[in-house]
Number of protein chains: 2
Amino acid sequence: MPFTSTGPLPGGGTRCEYCCHHSRCLTMGLEGEQLADFDALLERPRPLKRGEVLVHQGDQFGNLYAVRTGSLKQVQFQVGARDQVTHFYLPGELVGLDGIGSGECVGNVVALESTYVCELPFLQLEVLMKDSHTLQHRLFRCMGEELRDHQRMMCLLSGRTADQRMASFLLGMSERFRLRGYSPSRFFLSMSRGDIGSYLGLAIETVSRALGRFQMQKLISVEGRWVSLKDMESLTRMVAEDVGRHSGT
Amino acid sequence: MPFTSTGPLPGGGTRCEYCCHHSRCLTMGLEGEQLADFDALLERPRPLKRGEVLVHQGDQFGNLYAVRTGSLKQVQFQVGARDQVTHFYLPGELVGLDGIGSGECVGNVVALESTYVCELPFLQLEVLMKDSHTLQHRLFRCMGEELRDHQRMMCLLSGRTADQRMASFLLGMSERFRLRGYSPSRFFLSMSRGDIGSYLGLAIETVSRALGRFQMQKLISVEGRWVSLKDMESLTRMVAEDVGRHSGT
DNA sequence: CGAGCCATTGAGACCGGTCAAGTTGGGTGG
DNA sequence: CCACCCAACTTGACCGGTCTCAATGGCTCG
(Lines give C-alpha, C1' and ligand atoms only; values in the text may rest on other atoms or scores of the structure.)
Protein backbone atom coordinates (compact mmCIF):
# COMPACT_ATOMS: atom_id res chain seq x y z
CA MET A 1 0.00 0.00 0.00
CA PRO A 2 1.52 3.32 -1.08
CA PHE A 3 1.88 6.29 1.22
CA THR A 4 -0.84 8.84 1.26
CA SER A 5 0.27 12.27 2.26
CA THR A 6 -2.83 14.00 3.61
CA GLY A 7 -5.96 13.17 5.54
CA PRO A 8 -6.55 10.26 7.85
CA LEU A 9 -5.19 7.03 6.47
CA PRO A 10 -7.50 4.02 6.59
CA GLY A 11 -5.14 2.44 9.06
CA GLY A 12 -5.60 5.39 11.36
CA GLY A 13 -2.44 7.31 10.58
CA THR A 14 -2.59 11.07 10.53
CA ARG A 15 -0.93 13.94 12.30
CA CYS A 16 -2.46 16.33 14.83
CA GLU A 17 -0.97 19.17 12.91
CA TYR A 18 -3.11 18.37 9.89
CA CYS A 19 -6.16 17.12 11.76
CA CYS A 20 -9.25 19.19 11.11
CA HIS A 21 -10.04 19.17 14.84
CA HIS A 22 -6.68 20.57 15.87
CA SER A 23 -8.16 23.94 16.75
CA ARG A 24 -10.88 22.46 18.95
CA CYS A 25 -9.13 19.46 20.44
CA LEU A 26 -6.84 19.30 23.45
CA THR A 27 -4.09 20.36 21.08
CA MET A 28 -5.55 23.84 20.69
CA GLY A 29 -2.76 26.34 21.08
CA LEU A 30 0.01 23.77 20.87
CA GLU A 31 2.69 24.29 18.24
CA GLY A 32 5.99 22.99 17.05
CA GLU A 33 7.77 20.69 19.42
CA GLN A 34 4.98 20.53 21.97
CA LEU A 35 2.53 19.47 19.31
CA ALA A 36 4.97 16.87 18.06
CA ASP A 37 5.40 15.51 21.60
CA PHE A 38 1.67 15.30 21.98
CA ASP A 39 1.37 13.59 18.65
CA ALA A 40 4.00 11.09 19.67
CA LEU A 41 2.23 9.87 22.79
CA LEU A 42 -1.14 9.11 21.28
CA GLU A 43 -2.30 5.90 19.69
CA ARG A 44 -4.73 5.61 16.84
CA PRO A 45 -6.45 2.28 17.30
CA ARG A 46 -8.46 0.61 14.57
CA PRO A 47 -11.88 2.16 14.02
CA LEU A 48 -14.88 1.03 16.03
CA LYS A 49 -17.87 -0.48 14.31
CA ARG A 50 -21.40 0.56 15.24
CA GLY A 51 -22.21 -0.93 18.64
CA GLU A 52 -18.62 -1.64 19.59
CA VAL A 53 -17.60 -0.67 23.10
CA LEU A 54 -14.65 1.67 23.54
CA VAL A 55 -14.72 1.83 27.33
CA HIS A 56 -16.33 -0.57 29.79
CA GLN A 57 -17.99 0.64 32.96
CA GLY A 58 -15.86 -0.26 35.95
CA ASP A 59 -12.65 -0.55 33.96
CA GLN A 60 -9.67 1.09 35.50
CA PHE A 61 -9.25 4.58 34.13
CA GLY A 62 -6.15 5.04 32.05
CA ASN A 63 -6.86 6.84 28.80
CA LEU A 64 -8.71 9.78 27.44
CA TYR A 65 -10.02 9.49 23.90
CA ALA A 66 -10.50 12.19 21.33
CA VAL A 67 -13.15 11.50 18.71
CA ARG A 68 -11.87 11.97 15.16
CA THR A 69 -14.85 10.81 13.12
CA GLY A 70 -18.14 9.22 14.03
CA SER A 71 -19.98 9.47 17.34
CA LEU A 72 -20.47 7.62 20.60
CA LYS A 73 -22.78 7.46 23.58
CA GLN A 74 -21.96 6.92 27.22
CA VAL A 75 -24.30 4.55 29.02
CA GLN A 76 -24.42 3.99 32.77
CA PHE A 77 -25.81 0.77 34.17
CA GLN A 78 -27.43 1.11 37.57
CA VAL A 79 -28.98 -1.35 39.93
CA GLY A 80 -32.74 -1.12 40.02
CA ALA A 81 -33.03 1.37 37.22
CA ARG A 82 -32.86 1.25 33.50
CA ASP A 83 -29.53 1.98 31.90
CA GLN A 84 -29.10 5.61 31.27
CA VAL A 85 -27.42 7.52 28.46
CA THR A 86 -25.39 10.33 30.00
CA HIS A 87 -23.42 11.67 27.08
CA PHE A 88 -23.13 11.88 23.34
CA TYR A 89 -19.69 12.47 21.88
CA LEU A 90 -19.04 14.13 18.54
CA PRO A 91 -15.79 14.62 16.62
CA GLY A 92 -13.33 16.85 18.42
CA GLU A 93 -14.74 15.98 21.85
CA LEU A 94 -12.98 14.30 24.72
CA VAL A 95 -14.15 10.97 26.15
CA GLY A 96 -13.33 9.81 29.64
CA LEU A 97 -12.77 12.93 31.71
CA ASP A 98 -15.21 11.68 34.33
CA GLY A 99 -12.93 8.75 35.07
CA ILE A 100 -10.16 10.98 36.42
CA GLY A 101 -11.89 11.41 39.74
CA SER A 102 -12.38 7.89 40.95
CA GLY A 103 -9.86 6.19 38.69
CA GLU A 104 -12.70 4.06 37.39
CA CYS A 105 -14.70 4.43 34.21
CA VAL A 106 -18.22 5.51 35.06
CA GLY A 107 -20.01 4.00 32.11
CA ASN A 108 -19.80 2.11 28.85
CA VAL A 109 -18.86 4.19 25.87
CA VAL A 110 -20.34 2.75 22.69
CA ALA A 111 -19.91 3.72 19.05
CA LEU A 112 -23.12 4.87 17.36
CA GLU A 113 -21.58 4.44 13.92
CA SER A 114 -18.16 3.74 12.44
CA THR A 115 -15.90 5.79 14.64
CA TYR A 116 -12.22 6.74 14.73
CA VAL A 117 -10.66 7.89 17.98
CA CYS A 118 -7.24 8.90 19.28
CA GLU A 119 -6.13 7.27 22.50
CA LEU A 120 -4.35 9.50 25.03
CA PRO A 121 -2.63 7.77 27.97
CA PHE A 122 -3.42 10.02 30.90
CA LEU A 123 -0.24 9.40 32.84
CA GLN A 124 1.90 10.46 29.91
CA LEU A 125 -0.39 13.41 29.40
CA GLU A 126 0.29 14.52 32.95
CA VAL A 127 4.01 14.31 32.35
CA LEU A 128 3.66 16.37 29.21
CA MET A 129 1.70 18.97 31.10
CA LYS A 130 4.61 19.64 33.42
CA ASP A 131 6.45 21.15 30.47
CA SER A 132 3.49 22.64 28.71
CA HIS A 133 1.51 25.16 30.61
CA THR A 134 -0.65 25.57 27.52
CA LEU A 135 -1.68 21.94 27.58
CA GLN A 136 -2.38 22.00 31.30
CA HIS A 137 -4.52 25.07 30.97
CA ARG A 138 -6.33 23.57 28.02
CA LEU A 139 -7.25 20.39 29.86
CA PHE A 140 -8.55 22.37 32.81
CA ARG A 141 -10.68 24.37 30.46
CA CYS A 142 -12.08 21.23 28.88
CA MET A 143 -13.05 19.84 32.24
CA GLY A 144 -14.53 23.15 33.31
CA GLU A 145 -16.60 23.28 30.16
CA GLU A 146 -17.90 19.81 30.77
CA LEU A 147 -18.82 20.78 34.33
CA ARG A 148 -20.75 23.75 33.03
CA ASP A 149 -22.51 21.64 30.42
CA HIS A 150 -23.52 19.15 33.08
CA GLN A 151 -25.01 21.91 35.16
CA ARG A 152 -27.02 23.09 32.19
CA MET A 153 -28.21 19.55 31.74
CA MET A 154 -29.23 19.31 35.37
CA CYS A 155 -31.25 22.49 35.03
CA LEU A 156 -32.85 21.12 31.90
CA LEU A 157 -33.74 17.83 33.53
CA SER A 158 -35.14 19.21 36.71
CA GLY A 159 -37.09 22.20 35.61
CA ARG A 160 -38.34 21.86 32.06
CA THR A 161 -41.08 20.15 30.14
CA ALA A 162 -40.68 17.42 27.56
CA ASP A 163 -41.03 19.86 24.67
CA GLN A 164 -38.47 22.19 26.15
CA ARG A 165 -36.01 19.36 26.63
CA MET A 166 -36.42 18.20 23.06
CA ALA A 167 -36.10 21.72 21.69
CA SER A 168 -33.00 22.31 23.76
CA PHE A 169 -31.53 19.02 22.60
CA LEU A 170 -32.11 19.82 18.95
CA LEU A 171 -30.65 23.31 19.29
CA GLY A 172 -27.68 21.92 21.17
CA MET A 173 -26.96 19.37 18.48
CA SER A 174 -27.41 22.03 15.82
CA GLU A 175 -24.84 24.24 17.51
CA ARG A 176 -22.39 21.39 17.88
CA PHE A 177 -22.71 20.54 14.20
CA ARG A 178 -22.31 24.17 13.25
CA LEU A 179 -19.07 24.45 15.22
CA ARG A 180 -17.76 21.47 13.28
CA GLY A 181 -18.54 22.97 9.90
CA TYR A 182 -21.68 20.95 9.26
CA SER A 183 -25.08 22.37 8.52
CA PRO A 184 -26.79 23.58 11.68
CA SER A 185 -30.20 23.37 10.08
CA ARG A 186 -30.17 19.88 8.64
CA PHE A 187 -28.35 16.98 10.26
CA PHE A 188 -28.39 13.28 10.97
CA LEU A 189 -28.93 12.00 14.50
CA SER A 190 -26.87 8.86 14.88
CA MET A 191 -28.62 7.89 18.13
CA SER A 192 -31.98 6.13 18.42
CA ARG A 193 -35.11 7.70 19.88
CA GLY A 194 -34.57 5.48 22.87
CA ASP A 195 -31.11 6.94 23.41
CA ILE A 196 -32.46 10.47 23.18
CA GLY A 197 -35.23 9.65 25.62
CA SER A 198 -32.85 8.10 28.07
CA TYR A 199 -30.55 11.09 27.81
CA LEU A 200 -33.35 13.60 28.31
CA GLY A 201 -35.18 11.68 31.01
CA LEU A 202 -38.19 11.04 28.81
CA ALA A 203 -40.02 7.96 27.63
CA ILE A 204 -39.35 6.99 24.06
CA GLU A 205 -42.97 7.66 23.18
CA THR A 206 -42.71 11.17 24.55
CA VAL A 207 -39.70 11.86 22.34
CA SER A 208 -41.59 10.61 19.34
CA ARG A 209 -44.66 12.67 20.16
CA ALA A 210 -42.65 15.83 20.77
CA LEU A 211 -40.96 15.47 17.39
CA GLY A 212 -44.34 14.88 15.81
CA ARG A 213 -45.76 17.97 17.46
CA PHE A 214 -42.82 20.11 16.35
CA GLN A 215 -43.31 18.91 12.82
CA MET A 216 -47.00 19.75 12.89
CA GLN A 217 -46.12 23.22 14.14
CA LYS A 218 -43.69 23.55 11.22
CA LEU A 219 -40.77 24.07 13.60
CA ILE A 220 -38.84 21.14 12.17
CA SER A 221 -39.19 18.37 9.67
CA VAL A 222 -38.22 14.82 10.41
CA GLU A 223 -37.46 11.93 8.11
CA GLY A 224 -36.22 9.07 10.21
CA ARG A 225 -33.03 10.22 11.85
CA TRP A 226 -32.62 13.18 9.55
CA VAL A 227 -33.82 16.41 11.11
CA SER A 228 -34.25 19.84 9.56
CA LEU A 229 -34.75 22.85 11.78
CA LYS A 230 -37.22 25.18 10.07
CA ASP A 231 -37.79 27.75 12.78
CA MET A 232 -34.92 27.92 15.22
CA GLU A 233 -36.23 31.16 16.63
CA SER A 234 -39.43 29.59 17.87
CA LEU A 235 -37.50 26.64 19.26
CA THR A 236 -35.21 29.01 21.14
CA ARG A 237 -38.19 30.91 22.47
CA MET A 238 -39.78 27.66 23.57
CA VAL A 239 -36.75 26.69 25.62
CA ALA A 240 -36.74 30.00 27.45
CA GLU A 241 -40.48 30.02 28.03
CA ASP A 242 -41.66 30.06 31.60
CA VAL A 243 -43.95 27.16 32.21
CA GLY A 244 -43.95 27.74 35.92
CA ARG A 245 -42.68 24.42 37.11
CA HIS A 246 -41.71 24.14 40.76
CA SER A 247 -42.55 26.61 43.40
CA GLY A 248 -39.01 26.39 44.72
CA THR A 249 -36.71 29.04 46.17
CA MET B 1 -25.38 24.31 64.91
CA PRO B 2 -22.91 22.09 63.11
CA PHE B 3 -19.60 23.26 61.75
CA THR B 4 -18.78 25.57 64.60
CA SER B 5 -15.08 25.77 64.56
CA THR B 6 -12.87 23.58 66.61
CA GLY B 7 -9.78 23.93 64.45
CA PRO B 8 -9.94 27.17 62.49
CA LEU B 9 -9.74 30.36 64.50
CA PRO B 10 -12.79 32.63 64.47
CA GLY B 11 -10.80 35.55 63.12
CA GLY B 12 -9.95 33.55 60.03
CA GLY B 13 -6.33 33.00 60.85
CA THR B 14 -5.12 29.44 60.66
CA ARG B 15 -2.65 27.37 58.72
CA CYS B 16 -3.42 24.68 56.21
CA GLU B 17 -1.09 22.43 58.12
CA TYR B 18 -3.34 22.55 61.18
CA CYS B 19 -6.66 22.79 59.37
CA CYS B 20 -8.98 19.89 60.06
CA HIS B 21 -9.77 19.66 56.34
CA HIS B 22 -6.18 19.35 55.23
CA SER B 23 -6.58 15.70 54.38
CA ARG B 24 -9.65 16.27 52.26
CA CYS B 25 -8.91 19.66 50.73
CA LEU B 26 -6.83 20.53 47.68
CA THR B 27 -3.86 20.34 49.99
CA MET B 28 -4.18 16.60 50.39
CA GLY B 29 -0.77 15.06 49.94
CA LEU B 30 1.09 18.35 50.11
CA GLU B 31 3.85 18.67 52.67
CA GLY B 32 6.65 20.91 53.82
CA GLU B 33 7.57 23.65 51.41
CA GLN B 34 4.82 22.93 48.92
CA LEU B 35 2.21 23.20 51.62
CA ALA B 36 3.77 26.43 52.84
CA ASP B 37 3.71 27.86 49.32
CA PHE B 38 0.09 26.92 49.01
CA ASP B 39 -0.66 28.46 52.35
CA ALA B 40 1.08 31.63 51.29
CA LEU B 41 -1.02 32.25 48.20
CA LEU B 42 -4.43 31.95 49.77
CA GLU B 43 -6.50 34.66 51.38
CA ARG B 44 -8.84 34.19 54.30
CA PRO B 45 -11.48 36.87 53.87
CA ARG B 46 -13.87 37.87 56.62
CA PRO B 47 -16.65 35.36 57.22
CA LEU B 48 -19.88 35.51 55.30
CA LYS B 49 -23.16 36.03 57.06
CA ARG B 50 -26.21 33.99 56.20
CA GLY B 51 -27.50 35.14 52.83
CA GLU B 52 -24.32 36.90 51.82
CA VAL B 53 -23.09 36.28 48.29
CA LEU B 54 -19.59 34.94 47.79
CA VAL B 55 -19.66 34.77 44.01
CA HIS B 56 -21.97 36.54 41.58
CA GLN B 57 -23.25 34.89 38.45
CA GLY B 58 -21.55 36.39 35.40
CA ASP B 59 -18.55 37.65 37.33
CA GLN B 60 -15.22 36.99 35.72
CA PHE B 61 -13.76 33.81 37.09
CA GLY B 62 -10.63 34.30 39.13
CA ASN B 63 -10.71 32.37 42.37
CA LEU B 64 -11.55 29.01 43.75
CA TYR B 65 -12.82 28.89 47.31
CA ALA B 66 -12.42 26.17 49.88
CA VAL B 67 -15.10 26.04 52.56
CA ARG B 68 -13.67 26.00 56.06
CA THR B 69 -16.81 26.26 58.18
CA GLY B 70 -20.46 26.74 57.32
CA SER B 71 -22.19 25.92 54.07
CA LEU B 72 -23.27 27.52 50.82
CA LYS B 73 -25.57 26.98 47.89
CA GLN B 74 -25.03 27.73 44.24
CA VAL B 75 -28.01 29.28 42.48
CA GLN B 76 -28.36 29.77 38.75
CA PHE B 77 -30.67 32.43 37.38
CA GLN B 78 -32.18 31.61 34.03
CA VAL B 79 -34.45 33.50 31.69
CA GLY B 80 -37.96 32.15 31.68
CA ALA B 81 -37.45 29.68 34.47
CA ARG B 82 -37.23 29.84 38.20
CA ASP B 83 -33.81 30.14 39.72
CA GLN B 84 -32.30 26.80 40.34
CA VAL B 85 -30.07 25.51 43.10
CA THR B 86 -27.32 23.45 41.51
CA HIS B 87 -24.98 22.76 44.40
CA PHE B 88 -24.58 22.65 48.13
CA TYR B 89 -21.09 23.13 49.51
CA LEU B 90 -19.91 21.75 52.84
CA PRO B 91 -16.62 22.27 54.68
CA GLY B 92 -13.65 20.90 52.81
CA GLU B 93 -15.32 21.29 49.43
CA LEU B 94 -14.21 23.42 46.54
CA VAL B 95 -16.35 26.23 45.14
CA GLY B 96 -15.98 27.59 41.64
CA LEU B 97 -14.53 24.76 39.56
CA ASP B 98 -17.28 25.21 36.99
CA GLY B 99 -16.01 28.69 36.21
CA ILE B 100 -12.72 27.41 34.81
CA GLY B 101 -14.28 26.45 31.51
CA SER B 102 -15.86 29.65 30.32
CA GLY B 103 -13.92 32.06 32.53
CA GLU B 104 -17.25 33.22 33.90
CA CYS B 105 -19.00 32.27 37.12
CA VAL B 106 -22.03 30.20 36.32
CA GLY B 107 -24.15 31.10 39.31
CA ASN B 108 -24.46 32.96 42.58
CA VAL B 109 -22.88 31.26 45.54
CA VAL B 110 -24.67 32.20 48.74
CA ALA B 111 -23.91 31.41 52.37
CA LEU B 112 -26.58 29.36 54.12
CA GLU B 113 -25.18 30.24 57.55
CA SER B 114 -22.10 31.96 58.95
CA THR B 115 -19.38 30.68 56.69
CA TYR B 116 -15.61 30.88 56.52
CA VAL B 117 -13.81 30.24 53.26
CA CYS B 118 -10.28 30.29 51.88
CA GLU B 119 -9.76 32.19 48.65
CA LEU B 120 -7.44 30.61 46.10
CA PRO B 121 -6.38 32.76 43.13
CA PHE B 122 -6.50 30.38 40.20
CA LEU B 123 -3.69 31.93 38.21
CA GLN B 124 -1.29 31.57 41.09
CA LEU B 125 -2.57 28.07 41.63
CA GLU B 126 -1.65 27.22 38.05
CA VAL B 127 1.83 28.54 38.60
CA LEU B 128 2.18 26.49 41.73
CA MET B 129 1.06 23.40 39.88
CA LYS B 130 4.00 23.67 37.49
CA ASP B 131 6.25 22.77 40.39
CA SER B 132 3.92 20.47 42.21
CA HIS B 133 2.79 17.46 40.34
CA THR B 134 0.89 16.42 43.47
CA LEU B 135 -1.19 19.56 43.45
CA GLN B 136 -1.89 19.29 39.74
CA HIS B 137 -3.00 15.71 40.10
CA ARG B 138 -5.13 16.60 43.09
CA LEU B 139 -7.00 19.35 41.28
CA PHE B 140 -7.67 17.06 38.34
CA ARG B 141 -9.07 14.50 40.72
CA CYS B 142 -11.32 17.07 42.35
CA MET B 143 -12.74 18.09 39.01
CA GLY B 144 -13.16 14.49 37.96
CA GLU B 145 -15.04 13.74 41.14
CA GLU B 146 -17.33 16.65 40.57
CA LEU B 147 -17.99 15.44 37.04
CA ARG B 148 -18.91 12.03 38.36
CA ASP B 149 -21.18 13.52 41.01
CA HIS B 150 -22.93 15.58 38.38
CA GLN B 151 -23.56 12.49 36.33
CA ARG B 152 -25.07 10.77 39.35
CA MET B 153 -27.27 13.78 39.83
CA MET B 154 -28.37 13.70 36.21
CA CYS B 155 -29.34 10.06 36.58
CA LEU B 156 -31.24 10.89 39.73
CA LEU B 157 -33.09 13.77 38.14
CA SER B 158 -34.07 12.02 34.99
CA GLY B 159 -35.06 8.59 36.11
CA ARG B 160 -36.27 8.57 39.68
CA THR B 161 -39.37 9.39 41.66
CA ALA B 162 -39.73 12.12 44.25
CA ASP B 163 -39.29 9.69 47.13
CA GLN B 164 -36.17 8.22 45.60
CA ARG B 165 -34.68 11.65 45.07
CA MET B 166 -35.36 12.64 48.66
CA ALA B 167 -33.97 9.39 50.02
CA SER B 168 -30.87 9.76 47.88
CA PHE B 169 -30.44 13.34 49.00
CA LEU B 170 -30.68 12.41 52.68
CA LEU B 171 -28.26 9.53 52.31
CA GLY B 172 -25.88 11.72 50.36
CA MET B 173 -25.90 14.38 53.06
CA SER B 174 -25.48 11.73 55.70
CA GLU B 175 -22.41 10.38 53.96
CA ARG B 176 -20.93 13.83 53.56
CA PHE B 177 -21.43 14.56 57.25
CA ARG B 178 -19.93 11.22 58.19
CA LEU B 179 -16.81 11.92 56.16
CA ARG B 180 -16.40 15.16 58.07
CA GLY B 181 -16.65 13.51 61.43
CA TYR B 182 -20.22 14.50 62.20
CA SER B 183 -23.04 12.15 62.99
CA PRO B 184 -24.36 10.46 59.84
CA SER B 185 -27.66 9.65 61.49
CA ARG B 186 -28.66 12.99 62.93
CA PHE B 187 -27.82 16.28 61.28
CA PHE B 188 -28.98 19.80 60.59
CA LEU B 189 -29.93 20.84 57.07
CA SER B 190 -28.91 24.45 56.64
CA MET B 191 -30.93 24.86 53.46
CA SER B 192 -34.67 25.52 53.22
CA ARG B 193 -37.21 23.07 51.81
CA GLY B 194 -37.40 25.33 48.81
CA ASP B 195 -33.68 24.97 48.21
CA ILE B 196 -33.91 21.21 48.47
CA GLY B 197 -36.84 21.14 46.08
CA SER B 198 -35.08 23.34 43.58
CA TYR B 199 -31.98 21.17 43.80
CA LEU B 200 -33.90 17.94 43.34
CA GLY B 201 -36.25 19.21 40.68
CA LEU B 202 -39.30 18.93 42.93
CA ALA B 203 -41.95 21.33 44.14
CA ILE B 204 -41.53 22.46 47.70
CA GLU B 205 -44.76 20.75 48.67
CA THR B 206 -43.50 17.48 47.29
CA VAL B 207 -40.39 17.72 49.42
CA SER B 208 -42.50 18.36 52.47
CA ARG B 209 -44.83 15.48 51.72
CA ALA B 210 -41.98 13.07 51.05
CA LEU B 211 -40.42 13.93 54.39
CA GLY B 212 -43.79 13.48 56.05
CA ARG B 213 -44.25 10.11 54.40
CA PHE B 214 -40.78 8.95 55.46
CA GLN B 215 -41.54 9.97 59.00
CA MET B 216 -44.81 8.06 59.00
CA GLN B 217 -42.97 5.00 57.75
CA LYS B 218 -40.49 5.45 60.60
CA LEU B 219 -37.61 5.81 58.17
CA ILE B 220 -36.61 9.18 59.56
CA SER B 221 -37.73 11.72 62.08
CA VAL B 222 -37.87 15.40 61.33
CA GLU B 223 -37.97 18.40 63.61
CA GLY B 224 -37.69 21.48 61.49
CA ARG B 225 -34.33 21.34 59.81
CA TRP B 226 -33.01 18.64 62.06
CA VAL B 227 -33.22 15.19 60.54
CA SER B 228 -32.55 11.80 62.08
CA LEU B 229 -32.17 8.79 59.87
CA LYS B 230 -33.82 5.83 61.61
CA ASP B 231 -33.63 3.19 58.92
CA MET B 232 -30.88 3.87 56.45
CA GLU B 233 -31.18 0.38 55.05
CA SER B 234 -34.72 0.91 53.86
CA LEU B 235 -33.80 4.30 52.46
CA THR B 236 -30.94 2.73 50.53
CA ARG B 237 -33.23 0.02 49.24
CA MET B 238 -35.74 2.62 48.19
CA VAL B 239 -33.17 4.46 46.07
CA ALA B 240 -32.20 1.29 44.25
CA GLU B 241 -35.77 0.15 43.71
CA ASP B 242 -36.94 -0.22 40.17
CA VAL B 243 -40.04 1.81 39.63
CA GLY B 244 -39.94 1.26 35.91
CA ARG B 245 -39.75 4.79 34.67
CA HIS B 246 -38.99 5.31 30.97
CA SER B 247 -39.16 2.67 28.35
CA GLY B 248 -35.89 3.90 26.89
CA THR B 249 -32.92 1.89 25.60
C1' DC C 1 -48.67 42.63 67.52
C1' DG C 2 -48.58 42.56 62.65
C1' DA C 3 -45.59 41.42 58.52
C1' DG C 4 -43.25 38.12 56.26
C1' DC C 5 -41.11 33.80 55.59
C1' DC C 6 -41.20 28.91 56.04
C1' DA C 7 -43.42 24.66 56.36
C1' DT C 8 -47.40 21.68 56.23
C1' DT C 9 -51.63 19.85 54.40
C1' DG C 10 -55.70 19.19 51.24
C1' DA C 11 -58.07 19.29 46.62
C1' DG C 12 -57.93 19.16 41.86
C1' DA C 13 -55.70 19.28 37.28
C1' DC C 14 -52.42 17.91 33.93
C1' DC C 15 -48.11 16.27 32.03
C1' DG C 16 -45.91 12.45 30.89
C1' DG C 17 -45.36 7.36 31.81
C1' DT C 18 -47.19 2.71 30.83
C1' DC C 19 -49.42 -0.54 28.06
C1' DA C 20 -50.88 -2.01 23.68
C1' DA C 21 -51.40 -2.04 18.79
C1' DG C 22 -50.02 -0.67 14.37
C1' DT C 23 -46.57 1.09 10.79
C1' DT C 24 -42.24 1.50 8.55
C1' DG C 25 -37.89 0.00 6.77
C1' DG C 26 -33.69 -2.60 6.34
C1' DG C 27 -31.79 -7.14 6.08
C1' DT C 28 -32.00 -12.04 5.06
C1' DG C 29 -33.25 -16.19 2.90
C1' DG C 30 -35.91 -18.74 -0.36
C1' DC D 1 -37.98 -10.51 -6.64
C1' DC D 2 -40.79 -11.42 -2.95
C1' DA D 3 -41.86 -13.05 1.73
C1' DC D 4 -40.70 -12.65 6.10
C1' DC D 5 -38.72 -10.90 10.37
C1' DC D 6 -37.17 -7.91 13.72
C1' DA D 7 -36.00 -3.54 15.41
C1' DA D 8 -37.16 1.06 15.49
C1' DC D 9 -40.61 4.18 15.49
C1' DT D 10 -45.41 6.06 15.76
C1' DT D 11 -49.92 6.61 17.59
C1' DG D 12 -53.86 6.04 20.84
C1' DA D 13 -56.05 5.23 25.44
C1' DC D 14 -55.58 5.35 30.09
C1' DC D 15 -53.73 6.29 34.61
C1' DG D 16 -50.87 7.98 38.25
C1' DG D 17 -47.42 10.97 40.27
C1' DT D 18 -46.38 15.41 40.91
C1' DC D 19 -47.48 20.27 40.15
C1' DT D 20 -50.50 24.20 41.15
C1' DC D 21 -53.45 26.66 43.93
C1' DA D 22 -55.16 27.70 48.39
C1' DA D 23 -55.63 27.79 53.32
C1' DT D 24 -53.45 27.32 57.77
C1' DG D 25 -50.13 27.55 61.60
C1' DG D 26 -45.56 28.50 63.62
C1' DC D 27 -41.51 31.23 63.95
C1' DT D 28 -38.63 35.38 63.68
C1' DC D 29 -38.01 40.11 63.55
C1' DG D 30 -39.02 44.78 63.60
Side-chain angles (χ1 to χ4, degrees), chain A residues 49-51 73 81-82 84-85 112-113 156-167 188-216 220-227 238 241-249, chain B residues 1 49-51 73 81-82 84-85 110 112-113 156-167 188-216 220-227 238 241-249:
Chain A
K49 285 199 289 278
R50 177 187 152 84
K73 64 175 172 182
R82 299 236 168 72
Q84 178 144 353
V85 174
L112 292 168
E113 56 193 314
L156 196 71
L157 288 174
S158 72
R160 330 242 53 170
T161 65
D163 281 6
Q164 289 181 313
R165 294 183 207 188
M166 269 311 300
F188 182 81
L189 295 173
S190 55
M191 68 293 287
S192 71
R193 301 286 195 269
D195 290 334
I196 298 175
S198 174
Y199 180 64
L200 294 176
L202 299 172
I204 188 175
E205 296 93 333
T206 307
V207 171
S208 189
R209 273 187 263 265
L211 288 175
R213 235 173 353 248
F214 289 178
Q215 189 159 16
M216 268 183 36
I220 66 174
S221 78
V222 187
E223 315 127 52
R225 295 188 177 182
W226 279 99
V227 178
M238 177 185 298
E241 218 157 71
D242 190 355
V243 288
R245 294 190 29 124
H246 309 321
S247 38
T249 303
Chain B
M1 287 275 169
K49 286 199 289 279
R50 178 186 152 82
K73 64 175 173 181
R82 298 235 170 73
Q84 179 144 351
V85 175
V110 185
L112 291 168
E113 55 192 315
L156 196 71
L157 288 174
S158 73
R160 329 241 57 168
T161 65
D163 282 5
Q164 290 181 313
R165 294 183 208 188
M166 269 312 300
F188 182 82
L189 295 174
S190 54
M191 68 292 288
S192 71
R193 301 286 193 270
D195 289 335
I196 298 175
S198 174
Y199 180 64
L200 294 175
L202 299 172
I204 188 174
E205 297 91 335
T206 308
V207 170
S208 190
R209 274 187 261 264
L211 289 174
R213 229 167 3 243
F214 288 178
Q215 188 158 14
M216 268 183 37
I220 67 174
S221 77
V222 187
E223 315 127 50
R225 295 188 177 183
W226 280 99
V227 178
M238 178 186 297
E241 218 155 70
D242 191 355
V243 288
R245 295 186 33 122
H246 308 322
S247 38
T249 303

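Each chain gets a letter, A, B and so on, in the order its sequence line appears, and its residues count up from 1.
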* Least distance between heavy atoms, B/Gly51 atom then B/Val110 atom -> O-CG1, 3.4 Å
* Among all residues two or more places apart in sequence or in another chain, which pass the side chain to side chain donor-acceptor pair (under 3.5 Å) test with A/Arg213? -> A/Asp163
* Once you round it to whole Å, what is the distance between P of C/dA7 and CE of B/Met166? -> 12 Å
* To do: To the nearest Å, give me how far apart CD (B/Glu223) and P (C/dA7) are.
  => 15 Å
* Structure fact -> With sugar-phosphate taken as primed atoms, P, OP1 and OP2 and all else as base, the protein-contact string of nucleotides 25-30 of chain D at under 4.0 Å (heavy atoms; B, S, -) is ------
* **Length of the CZ-C1' vector between B/Phe188 and C/dC6, whole Å** => 13 Å
* Rounded to the nearest Å, what distance is computed from the CG atom of residue B/Leu189 to the C1' atom of nucleotide C/dA7? -> 14 Å
* Take the protein atom CG of A/Leu200 and the nucleotide atom P of C/dC15, then report the distance between them rounded to whole Å. => 19 Å
* To do: Can you tell me the distance, in whole Å, between the CG atom of B/Leu211 and the P atom of C/dC6?
  => 16 Å
* Does B/Arg209 get its side chain close enough to the base of D/dG17, under 3.5 Å, for a donor-acceptor pair? -> no
* To do: For B/Ser208, check side chain to side chain donor-acceptor pair (under 3.5 Å) against everything at least two apart and list the hits.
  => none
Do any N or O atoms of the protein come closer than 3.5 Å to N or O atoms of nucleotides 5-9 of chain D, and which pairs are they?
from  : atom 1 : to       : atom 2 : distance (Å)
D/dC9 : OP1    : A/Arg225 : NE     : 3.0
D/dC9 : OP1    : A/Arg225 : NH2    : 3.1
D/dC9 : OP2    : A/Arg193 : N      : 3.0

Taking N or O atoms only and anything under 3.5 Å, show me the protein contacts with nucleotides 20-27 of chain C, one pair per line.
none

* Structure fact -> side chain to side chain donor-acceptor pair (under 3.5 Å) filter on A/Glu113, not counting sequence neighbours, yields A/Ser71
* Structure fact -> Contacts of A/Ala162 and B/Thr206 projected onto DNA chain C by closest heavy atom; the upstream (5') one is B/Thr206
